[in-house]
Structures are given as C-alpha cells and as structure tokens.
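Below is one structure; the comments refer to it alone.
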Protein chains: 2
Amino acid sequence: MNAPVWNLRDRQRRDRLARAAQALGPRLTGRHVATDAATALLEAVLQPRDRVCLEGNNQKQADFLAQALTQVDVQRVHDLHMVQSVLALPEHLDVFENGVARRLDFSFSGPQGARLAKLVSSGGLEIGAIHTYLELFSRYFVDLTPQVALVAAQAADRQGNLYTGPNTEDTPAIVEATAFSGGIVIAQVNEVVDTLPRIDIPADWVDFVIPAPRPNLVEPLFTRDPAQISEIQVLMAMMAIKGIYAEYGVQRLNHGIGFDTAAIELLLPTYGEQLGLKGRICQHWALNPHPALIPAIEAGWVKSVHSFGSELGMEDYIRARSDVFFTGADGSLRSNRAFCQAAGHYACDLFIGSTLQMDLQGNSSTATLGRITGFGGAPNMGADARGRRHASPAWLKAGAEARAGRSGAAGTPRGQKLVVQMVETFREHMQPAFVERLDAWTLQEQAGMALPPIMIYGEDVSHVLTEEGIANLLLCRSDEEREQAIRGVAGYTAVGLARDARMVENLRDRGVIRRPADLGIDPRETTRNLLAARSMRDLVRASGGLYAPPKRFRNW
Amino acid sequence: MNAPVWNLRDRQRRDRLARAAQALGPRLTGRHVATDAATALLEAVLQPRDRVCLEGNNQKQADFLAQALTQVDVQRVHDLHMVQSVLALPEHLDVFENGVARRLDFSFSGPQGARLAKLVSSGGLEIGAIHTYLELFSRYFVDLTPQVALVAAQAADRQGNLYTGPNTEDTPAIVEATAFSGGIVIAQVNEVVDTLPRIDIPADWVDFVIPAPRPNLVEPLFTRDPAQISEIQVLMAMMAIKGIYAEYGVQRLNHGIGFDTAAIELLLPTYGEQLGLKGRICQHWALNPHPALIPAIEAGWVKSVHSFGSELGMEDYIRARSDVFFTGADGSLRSNRAFCQAAGHYACDLFIGSTLQMDLQGNSSTATLGRITGFGGAPNMGADARGRRHASPAWLKAGAEARAGRSGAAGTPRGQKLVVQMVETFREHMQPAFVERLDAWTLQEQAGMALPPIMIYGEDVSHVLTEEGIANLLLCRSDEEREQAIRGVAGYTAVGLARDARMVENLRDRGVIRRPADLGIDPRETTRNLLAARSMRDLVRASGGLYAPPKRFRNW
C-alpha cells in the first residue's frame, strides 16, 4: 500500500505555479502577468474538473478574465465546476457552451436566466444548486472550496497588493477561501500603481496580477429614477411607513432594489417627518448606497449604512458623508457582501422586498417558466434569523404577535424578524402577482430540482402589502385565515376576487387586514408631490451636487 | 443653524491620533508603540462612552491590552461600552468594577459567568444583550460599530502588518468593522519581525502596534482526554452514528466541545468502519482542530475541516495535513470565526451539542441560577437555517419528516437542519438534565431580560439523544407527542418517570423513539475498547508524533 499523501493541494499548487512560470516566461514578473498572456496563464494554471470561482458579483465583473476563460484550449481545460455568485455576462455561459465548464453552483443569474434554462434543458450545464449569497460563500469553506479564483480589483501595487475601490463586494470571501486552501488567486486590475490608496487584499493572498485592457464592468443596479415612481407606489410606501415601520419601531433594516422601496426612502423626510418619526425609525441600514436615500440622509434620518457593494456615481457623496458610510482611510467605500449579508440576517429587524408571484400560503418566487434566475440575498434576509438572541422592540413585538395564544414549543416566547412582501396586485402586462400555484412548481419538474425554487417561504413572511392593504400574517392562526388574509389584499386578481368577503371583513375587524383608510391615509394625499425628490436632478440637487449619476440616468 | 457635520468620525480619528502622538512622544515610532506606553496610549486614544472591542476570543486573548485598560485614569476614560465576544479574563470584568466600562454586549462569558451575574445585580454593569458570535459581528457593521478595537496577533512587521498565526479567530471581523468606520485599531503582538510568515491583517488597517511583555494567552479549550470518556458516552456515540449520522447520510457537520461528541469522533474509524460508513458520512467539518478527530483523519474519513480558532499542540499536525485544514502559505492554520460560523449555519447539515437543562418543549439552556454565561456559537449553528436553498440528502430527509402530513405554509416542502441535543439524563452531582421548567425563566426575572436566555429552542431541535434512546422530534405532531417523546428518553429523572408509558410505547412503535436495541446496538459491544484512542498518548501515537499536547494533558 502506498503511503497516504496529505499535501496534494500544496503539490498541485506548486505544479500550477511552475507551469505558469514556464508558459509565460518573460511575460511574468514577480506576480505581474502581461495582459496578452491571460489565456496562456489560465491554460497553464487550470486543470480539468477544477472548481473555479470567476468573480461575478452583483455589480463588479471580472470581465477580462471571463473573456480569457472562453478562449482556453478545451483539450486542456474542460469540465470546470464554476462556483460563482452571479452569472451576469454572456461569457459566464459561453464557457458552458464551449465545454470549458460543465457544472455550476451559483446565487443569481438575472439577465442570463433564460439562456441558463436552455443550457440546462439541453444538457450542456449541470446545476449543483441555487444558493443565497452567504450560503454560497459558506460552502466555499466547506465543500465548494475553489481551486482557482479569478477576481477583479481597481488597482494593484508592484508587490501585488490589491485595492478594490468601493466595489469590494465578494472579493474578500472568495480570496480567503481560495488562498488559504492551497488554491491560486488571479486578479485582473484596471491599473498598476506605485502606492495604493488603501489595501483591500494583501499581496500575500494573491498569486497573479494582470492588467486588463479596459476597466472592469460595474453596473449601477441600485439607481431608481424617482420620475418613474407611480402614485400607487407612493400610497404603498405611506402604508409601509405608517402601518409597519412606525407600528413596530423599525430602526435597522434592509430594502430591496425596486421602485416600491425607493418610494419609501423618498417619503421619509416628507411623510415620515409629518408623522414625527425622525429618530424613531430607519436609523441603521444594511443597503447598497441607494441614491434614493440621499434626501433622508441629508435630513438627518440615517446614522449608518453598511453596504454589499457600491453604486456608480455615489463616490463623492459617500466620501463627503463618511459618518454614515463604511469608508477606508482613502475616503472611499469599503463594501463587503459577506459581512453585509450577515448584518442583513442577524442585525436587521426588517426586510422588505418584492416578488413576481405569491401563492395562498404566502410562498413567493421570482422564478418564472423558461428562466432560472436564482434569488441573490433575498432568502438570507427574508428568513427569520432563528439563531438571533438580542432583542429590539420591533423583533419582540413581531415575535409576540406570532406566538400569542400558542402552546408548547411554538408558544415559547421568541422574537421574530419582520419580512414584508410589497407587491402591486398586478405586475407588468397585467400579470397577477397572486396565483393559486407558483410557476416554481412547474420549474421544479422541468429542471428536476429537489424542491421548487421558492424565494421566500410563506412561513417566514410577516406582512403582505399591496395597494389594497396590509395583511399581517403573524396574526393568522390557521391555513384558512392566512389564505383569506392574502386574498383580502389581492385586489382584482382571480385570487382576490375569490375571497370569502365575510371572513375578510372579520380579519379586518381584528386588525389582521388594514386598509389605507384604517391607517388614516387619505387617498388625496397620495401624490408624487410627497416624494422628497421627483427626478434624478432632484437627487443631484439634494446631494449638493455630490451625486453624479451615470449618463443613462441623466435626462435633463 | 450650524451646517451639519458629516465627518465627525474622521475628525475624532485625527484628534485621537494627534493625542496619541503628543502623549507618547518618542515612545511612538511609525505605528510602533513602546511596551511601557500601553496605558498612556489607551488614555490618549479613548474617550468616555466609546464603544470598545477588547479582543476576547474563545481562545486567544488580548490580555496585555486588557490589563492596560484596567490601569487607565478613570477620570479620563470611563463609561465605555464594551462590545466583545468573550469575557474570559478577570480583567474583562475589572474594567466594570473600577468604572472604566459600564455597558456590555457579548456572546460568552463561561468562566466569568458568576461574577458577571453579581456585577449586573449590583448595578455595576448594564448588559445590552447576549448574542451568538456571528450576530455580534453582524452588529459591528450596523449599530454596535467599535470606535476602538484592541486586538492580539502573533507578530507584526516594521510596517505594522499583522500575522495572527493559527488563532486568527475574531480578528478580521473586528478590525474590518473598526478600520473602515474611522475607528482606531491597536494590536498587541508577541514579537516584531522583519518578515512575517504571512500577512493576516494589512498594516493599512492597523493604527498602533505594541509588543506585549509575554505571549498572549491562548487556551486549549477543545482538547478532550479520551481516558475520561465513559462507556455511557460510547453507547450514546454509537447511537448517534448509527441512528442519526447513517440514517440521514450526514456529510457536513459541526460538533460541540464535550466528551460526548469526542466519543463520536473516536468511534468513526472503528464502529463507523464496521458499519461500512466511511465516505458515506462526516467528510466535511466546521470545527476547531479537535485532537480527537486525529484517528478519523488518519483513517481517511475527513476531506475538510474549516475552523473557528485553532488548538494548542495541533500546529505540526495541521501543517502536515494541509489537504484537510485551511492553512496559509506558511503552512499554519488560518482560522476565522465569522466565516466558520457562517459555514456552520449555512453549509452544515447537522449540529450536535450538549446542554445543561431541557424542558418538555425541548427548549434547552446552559444558563443556571447565579450565572450569566451566554451561548457562543450554539444558537447560530443549532438553529434551522431558514435562508438555505441548496439541498442535500440529510437536509431533505429531515425536512420531509418535519412536514409530512402538514398543510398550508407549514406543509410547503422545505429542507431542515438536523439539530441534535446529546445529553445524559443526569449530569454532575445527579442534577437531572430534564426539567419541567428551565432555570432560564428565573434568570430572566432576576436580570430583567426581555426573554429567557434559551440556548436552543425546542422548535429547532430535531433529535434528543440520551443513554435511553433517541427521540425524533421531527416526527411529533402535537405538543403532547413532543412532551412524551422527551419524557420517553429522560430515564430516571422525575420528568422521565412521569411518562405516559403506553404513549411512549406507541411512539416507539412509530419510530419516534428508538432504543439502543431498536438500532441493533448490543450493550455488550459498548466498551471503551471501541475508541480509536483511549488516552492522550494514543492520540499522539495516531498522529505519528505530530500532535504535541499541552503539558496539562500529558499524563504519561
């Protein structure tokens, strides 16, 4: 019997480094690789069936390395197992089409969701699983540890230290898992400089640095033009503020990416101020630097914002508001998706987001037929954090409502997170948001998934908010009550029309359902005039000229 | 009206640095502070009511800085708000007694639990809340951001880069939250060297480095001498392996710190091998490097171990088994409590630990009267990870058992974490582990807590394992069934004796309760001879001499 080998990873690492040195010759100096040697580097370093993390973030993309990966000789590099949080670029799927990669574990594939579904059904791609971000990062340290990581940074110095700039995002989690398990870390950078503004990743953790021919792609995903906020959204935002935030005293929260929540942000300094809520709600945020939050920040509502990523155009504003944002000594943002997701899970009292479909149990999903999109951070933040032990008024009140009158284990006092689904009853093209059966069930059958791809489970939802009212599911005590509470705010959808009118009125009497009128919201007030900014230009003005929106948002 | 100030943190930071420069004079060179200037540094940097993280880890302690903090002039530095995960040293409470600190947010205070309770009841200390580790780290980025962090590292170089050695533990989370919010980071180090074996924290994130007069304290908390494992523990370990691990195919898991779980680790290469389970269970671990895991690692059972901290004496073994552990380029461990807790929450299928008391709802707590100890990582790992979306056979089976026959939101298919409480029916001094009412309720009243300090909620527990059998709570469908299932394994405790014998037999028929005989475990087999190591010496031998136990464990 051969003696067991215990340092295979280390041996392979040396082999990979030696192969790179040989293949690159003078195109490798220290850790620095010539731009034109990217594909040669990948061919030298990668082995068939490697687990590879190609940094696809929510915003920042290692796009040059992604492209290089599509170019490798498939005889040498094939059947890779990609473990990356976001599939955003065509190249992220090209590698599957051309045979370089075969298996995929991921979190979100928004723009590539339809093509991903096609690849899966044609057998060109095996999905391991869909994860929420923090879950995928967690598996990097357990059973999905990358052998090679391909990441993106703003700059490197001569030694190979990296400066990510404000879009630090996933990089620290990816690099730590890879560098401390004998893996290889390759970073594309926009520039090589003598002195970095700050160090985000020590050179020690990086094997190769390669200047990209153009700056890495960064998408402004969190910019919402206030001009596009409708009066229905204003109404819903007022209900959220008065009927939920004020009601529970929500101080720490996360917002989704939609216009609905942008409306809430823009109503804080106006409607929120009228209600006397300043200082009583919304002081701490786990949130990307949403431009829509500028008026609330300027009005002194916000004490802190920790961010998953950054947002293009917000750089100068963030620098000038360093008491609010997490910034480095250089004044620019340090984001960190792993820590911000942990904060969203454990340190927030409320998550509010939107969905495409909700069923009568309150289960919701953004999965629709023919698309496999994943869920990003929503499952992590839109789940009750059962490990949480610190109390806050919001959490205690939600827990008490959910447990009142229950016995046994379910009656043991415990807090609960507020998880709000904010949806208009009809979405684009008059598709009803409320359905008897989620598309997720059909998708499960089509793709052979172990479970339907549910984004947020009904069990975890505390409130459903539509233009018709708020259904407080914490107060429901039976399947039937929950179903009628949901029907009772489902408006003119088929689900809403099939309500038991008497039961719904009874739920309203008990405060399980609350209409705008029950909250004292006068429909005549619900105009766009209430928004603290009604256009991109207003946001720029509110920022004192510090916010510089990307071109596509400059419509004045 | 004065113009609002948006860079107060930055101004304060400059002031703090200027004060330090002035107070220290020639005792400050670059980032390096003379050892005898520790207290002067703290007096210069700290301001009344600052939030301060004094690195108290599970193992590594910033003990020199802790001592220096007890020495500051209380006229200058007082009413600090300490936000630290562990209270391990007397100095951690001395600062409250002498008025330097006033408020505390923490996770664990094991050895100081009784003194902590006294300080609280005498009004000398206000507890903000008790947290699980990841929850406290999360709040560092939201509403408990430290203004000053006092951390410990093995070494620094001339620039101030830090090498933590294997006990990286909490340091990255603490330093990131502090350094990127305008805070001040002070590190005590055991030595200053020209070249570090590797960089764990970039100098960029560190303001002051101060050599400690003696190496920082590190406690070997995870070493269990196999000689102290009882035959009852062997029996319980066999039940865990055959009745739970094999039954669910558990591949990814975390173990508690006790002799019960050490017995499981030591039975894998013997009893587990007999059952043909190698490769079918226990390949991936979120775990400190437990010496008791050595025989299983040597027998090829273990693919990976990611660690919260390290364990004294395991350094050479870890270095020689780098395929299994997360190590740096220097060959030594890189632990990380934040990522390992995330892994324990999201990437593990099973948590198994012990408790001091369990009630009839399955709620359990280690809180006992007169002590406030906190829970460390147990609530995070011993909670169903509701945000998890990737499937594994163990998780699917547990979820299916919990949901079979249920309707509505509770019936929607979903996986579930296995959370096993492994307790002998009587603990030390014949105290029953099963009680009608947890001491936690009295403690809540005494300390005026919002909720009783429950470590793991009955709702989250899947199995209770005692020497009498396994109760599978996933299969219980009413409060009464759950109560009888718990009574049915509670042995000769008053709770056990009060069982409804017919109902318990019925639960046994249904497989809700399983006795050793039901699992085909022959009591004659259950001897210490089954343990792969029966002494510390055996562990050293199994490691090929690589494991070097601390002196106190060397009894040969």
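What you see is a predicted model, and the numbers here were worked out from it, not measured in a lab. Labels below follow one simple rule: chain letters A, B, ... track the order of the sequence lines, proteins then strands, and each chain is numbered from 1.
Between D207(B) and R13(B) there is a salt bridge, with a side-chain nitrogen of the basic residue lying less than 4.0 Å from a carboxylate oxygen of the acidic one. A salt bridge links R198(A) with D330(A); the closest basic N to acidic carboxylate O contact falls under 4.0 Å. Between R252(A) and D349(A) there is a salt bridge, with a side-chain nitrogen of the basic residue lying less than 4.0 Å from a carboxylate oxygen of the acidic one. D460(B) has a carboxylate O that lies under 4.0 Å from a charged side-chain N of R414(A), or vice versa, which qualifies the two as a salt bridge.
In this structure, chain B has no heavy atom under 4.5 Å from any part of M381(A). If you measure heavy-atom distances from S107(A) to chain B, you find no contacts under 4.5 Å at all. Neither the backbone nor the side chain of L136(A) comes within contact range of chain B; no heavy atom of the residue lies under 4.5 Å from a heavy atom of that chain. Within the 4.5 angstrom heavy-atom criterion, only side-chain atoms of D479(A), from C-beta onward, approach chain B. If you measure heavy-atom distances from R482(A) to chain B, the contacts under 4.5 Å come from the side chain alone. Interface residue I456(A): only backbone heavy atoms are found under 4.5 Å from chain B. Within the 4.5 angstrom heavy-atom criterion, only side-chain atoms of N363(A), from C-beta onward, approach chain B. If you measure heavy-atom distances from A329(B) to chain A, you find no contacts under 4.5 Å at all. I199(A) touches chain B through backbone and side chain together, each having a heavy atom under 4.5 Å away. Using a 4.5 Å cut-off between heavy atoms, D105(A) does not touch chain B at all. With a threshold of 4.5 angstrom between heavy atoms, Q251(A) does not approach chain B through any atom at all. In this structure, the portion of A320(A) lying under 4.5 Å from any heavy atom of chain B is its backbone and not its side chain. Contacts of A385(A) with chain B are absent, with no heavy-atom separation under 4.5 Å from either backbone or side chain.
Most heavy-atom pairs under 4.5 Å with chain A, from the set I130(B), L473(B), T412(B): that is T412(B). Contact count versus chain A (heavy atoms, under 4.5 Å) is highest, among S478(B), G408(B), A129(B), for G408(B). Here E459(B) is the residue among Q361(B), H306(B), E459(B) with the most heavy-atom pairs under 4.5 Å with chain A.
The distance from the OG atom of S304(B) to the CZ atom of F141(A) is 11.5 Å, given to the nearest 0.5 Å. Between E483(A) atom CD and C476(A) atom SG the span is 11.0 Å, to the nearest 0.5 Å.
Residues P166(B) and R334(B) have side chains not in contact (no heavy-atom distance under 4.5 Å, counting atoms from C-beta outward).
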